[in-house]
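What follows is a short report on a single structure.
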Amino acid sequence: MEGERPSGVIGRLLGGVNRTMRRLLFTFMSSGPIPQHIAFIMDGNRRFAKKWKLEEGAGHKAGFLALMSVLKYCYEVGVKYVTVYAFSLDNFNRRPDEVQYVMDIMHEKIEGFLKELDMVNRYGVRVLFIGDLNRLDEPVRVAAEKAMEATAKNTKTYLLVCVAYTSSHEIPRAIYEACQEKSGLALALNQNGNNIDGIVNVEDVNDVIKVVDLEKHMYMGVVPDPDILVRSSGETRLSNFLLWQSTNCLLYSPKALWPEMGFWQVVWGILKYQRSYYYLEKKKKQA
Amino acid sequence: MPRALHLLVPNCPLFITHSSLPLFRRCSHCFDFSTSKPSSHSESTPEEIKNDSLSSILALELYLRSDAHKSQHLKDMGVAEDFRKTFYRTSNANIVFILVWHVIHLIVRVIYLAREVICAIESYLVTNEFVTTYQPLNLNRVKYLGIVIDSDEARQISEVIQLLDWFSAIGVEKVCLYDREGVLKKSKEVLMERFSSAKLSNEDSKIDPIFTKTQMEFEFVSISDGKEAVAKAANLLFNKYYLDGDTEKPFFTEADLSNALKNLGVVEPDPDLLFIYGPARCHLGFPAWRIRYTEIVHMGPLKHKKYGLILKAIHKYTKVKQNYGS
């Protein structure tokens, strides 16, 4: 899980010094408020491969290594929920061979993850796959469901992987689920022979579905809203990610491409959050 | 902890609870900007403001500030109290760690200050045409501009008007103004009257006689047009498909939501570019379904707005290439 390759005494010594300095810095930063939930848009894998003249697809593999490092730093500093935007519904418009390559990487990594379950459960990481999982290939979907089931009892930290997800799919779906719930409730009331001057009364229907009902049925309703939303590669748009949940969220766009993301971007993001903490908390309370 | 240390880091949460530090606790809403003294609050309402004169703008500002002042202190104290509890719960109690944390944030503050100075110099050079990289601007891609302003800053209507003057001079035609609490909605008549008439004379731009102003169309949006609008749309869809037990109940898509919102009167397009004027880069609840692919740029606090940086941001946007996921 650490991903470090000790190579001789000096290598191990430098690695140890590096780890100690990192943990010391995180301890100092923990004197201020630490975000509870950070979300990442993993943008820039293809540009990284082009920049370093790598073969196609190698950027995504490098991106996976960066993901592991970033997760490690987030959990070390004390972040409880980490959400990553792995695959958007819009990405299905890419070339079929590229889509298949990404699906194959996801399948390979989830299978690898399932082999290390003991270690994962020791760290207490609960993995959730968020999105329209029916759009995924059968083997990927089955592996994802197995991973969710295997880590369901962990509560220390959460990793939410958004696959086949967009906010413009999530919001109408939440409306549908809310309507189903309210209609089921109305049906139950009718069947019990209760006075139908309840929620099915025509004059009252305007108040049937409220914002809290929609938020309950969102894919992301299982975790609190993110505190920081990080998009790598310097792009400043959200690309249909967590639009509903980012109302009081700090948006941060480091210029590094996703495979180049690491320790300093996480540190700088948290320092920015600490600078704006009072203001964002005030806005949350005013809501 | 020495008080001097708190003064060095104004964002430090600890000093906020020290009301004996008047410099950072002064109510910014009670200031009479003509005399620089605390003033009594104006009781005039927006309906009484008849014309676009300076005095009416000043009166509108005083009204907006008095509106906020009534509950602002109470809210601030409540927030400060909660914040202090959270801070002490999450922090490491060791005094050395807290000191080092302050030093780290002091260094961060110095870095931001240096950036601010560089931005100010850059804006000066661009505004006075020493640097012409960002001109001429191609406004074809900026068909619809969104501006998010922090509600407290939006109460300074004169600043908002100056900002809109700049956009009008640049040539932006359609603007969506958002602030969370709907402060700008209260100033709708004043702003629309000033910018909707085809006033191309430059009586207000003595400094920049070459600028001609464009007539602008406005949309005013607040938090009630965001999540609550989606809840209303959900209720519309519920009425349409779920009240009658026999109708088929489709799985709702983006198109269904868009149609329901259109029925509620939400017909404006998505902004291409969103400028945020406030202390933090946060869209503060701008209607979620409208910013899917919108470029979001943080321009800093409204009082530190810079014309040159607006040109730079628009120019940068015209160079952006979007794949829309593919």
Side-chain angles (χ1 to χ4, degrees), chain A residues 27-34 88-91 93-94 166-169 171-173 175-176 178-180 182-183 186-187 200 202 205-211 213-214 235-240 243-244 246-252 271 274-283 285-287, chain B residues 11 13 16 75-76 78-79 82-83 86-87 90-92 94 97-98 100-101 104-105 108 180-181 223 226-228 230-235 237-239 241-243 249 251-254 256-257 278-285 288-289 291-298 320 322 324-326:
Chain A
T27 313
F28 292 140
M29 283 168 59
S30 301
S31 299
I34 295 292
S88 160
L89 281 171
D90 296 332
N91 294 152
N93 299 330
R94 292 186 178 181
T166 51
S167 280
S168 45
H169 169 80
I171 299 173
R173 183 192 159 275
I175 295 176
Y176 173 76
C179 287
Q180 293 281 82
K182 293 294 179 186
S183 119
L187 209 64
V200 291
V202 171
V205 290
N206 284 334
D207 293 324
V208 169
I209 298 176
K210 299 191 172 28
V211 172
D213 298 315
L214 295 177
E235 302 293 341
T236 54
R237 53 191 179 270
L238 296 178
S239 292
N240 231 327
L243 303 177
W244 182 276
S246 54
T247 302
N248 299 305
C249 174
L250 181 71
L251 308 174
Y252 170 44
L271 290 174
Q274 290 180 339
R275 270 175 63 84
S276 314
Y277 179 75
Y278 184 64
Y279 172 74
L280 292 172
E281 285 300 300
K282 197 165 78 158
K283 290 296 148 187
K285 294 244 184 298
Q286 284 171 357
Chain B
N11 285 335
I16 289 162
K75 276 185 197 166
D76 274 346
V79 172
D82 287 345
F83 182 80
T86 312
F87 183 88
T90 58
S91 72
N92 190 320
N94 190 324
F97 288 160
I98 295 174
V100 173
W101 183 83
I104 292 172
H105 274 278
V108 169
R180 196 188 189 116
E181 293 170 27
I223 191 78
K227 292 182 179 180
E228 286 170 30
V230 174
K232 284 187 197 147
N235 282 305
L237 290 168
F238 183 78
N239 292 353
Y241 291 103
Y242 283 80
L243 282 192
K249 294 158 182 55
F251 186 80
F252 297 139
T253 62
E254 202 182 322
D256 293 312
L257 177 57
R281 185 162 175 256
C282 174
H283 64 72
L284 300 173
W289 66 94
I291 48 170
R292 288 168 298 169
Y293 304 108
T294 306
E295 300 285 334
I296 300 171
V297 185
H298 181 219
V320 162
Q322 282 213 30
Y324 299 99
S326 44

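Side chains included, hydrogens not; waters and symmetry mates left out as well; all remaining heavy atoms used. Letters go in sequence order (proteins before strands), and every chain restarts at 1.
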side-chain contact (heavy atoms from CB on, under 4.5 Å) partner of B/Cys282, chosen from A/Leu250, A/Thr247, A/Leu280:
A/Leu280
What are the two closest heavy atoms between B/Ile291 and A/Leu243, and how far apart are they?
O-CD2, 3.9 Å
Tell me, for A/Ser88 versus chain B, whether the close heavy atoms (under 4.5 Å) come from the side chain, the backbone, both or neither.
neither
If I compare all heavy atoms of A/Cys179 with all of B/Ala234, which pair ends up nearest, and what's the gap?
SG-O, 4.1 Å
Say you draw a straight line from CG of B/Leu257 to CD1 of A/Ile175; how long is it, rounded to the nearest 0.5 Å?
4.5 Å
Proximal component of A/Ser167, with respect to chain B [non-hydrogen, under 4.5 Å]
neither
Please identify, among A/Asp213, A/Val211, A/Asn93, the residue contributing the most non-hydrogen atom pairs under 4.5 Å to chain B.
A/Val211
Measure the shortest side-chain to side-chain distance between A/Asn248 and B/Arg180 over non-hydrogen atoms and say whether it is less than 4.5 angstrom.
yes
Top of A/Arg94, A/Arg237, A/Lys283 for chain B proximity - count of heavy-atom pairs under 4.5 angstrom
A/Arg237
Output for pair (A/Asn240 CG, B/Glu254 CD), nearest 0.5 Å, gives 7.0 Å
Roughly how far apart are B/Phe252 CZ and A/His169 NE2, rounded to 0.5 Å?
13.5 Å
Nearest heavy atoms of A/Pro33 and B/Trp101, plus distance in Å
CD-CZ2, 4.4 Å
Residue, of B/His298, B/Glu228, B/Glu295, that accumulates the most heavy atom pairs under 4.5 Å with chain A
B/Glu295
Using heavy-atom distances under 4.5 Å, tell me whether A/Lys210 contacts chain B through its side chain, its backbone, both, or neither.
backbone
As an exercise, state the distance from CZ of A/Phe28 to CG of B/Asn94, rounded to the nearest 0.5 Å.
9.0 Å
Considering all heavy atoms of both residues, which atom of A/Gln274 and which atom of B/His105 are nearest to each other, and what is their separation?
OE1-NE2, 2.8 Å
Between B/Arg281 and A/Leu251, is there a donor-acceptor pair closer than 3.5 Å when you use the side chain of the first and the backbone of the second?
yes
So which residue, B/Ile104, B/Asp256, B/Val230, B/Val297, ends up with the most heavy-atom pairs under 4.5 Å with chain A?
B/Val230
dist A/Ser183:OG -> B/Tyr241:OH (nearest 0.5 Å) comes out at 14.5 Å
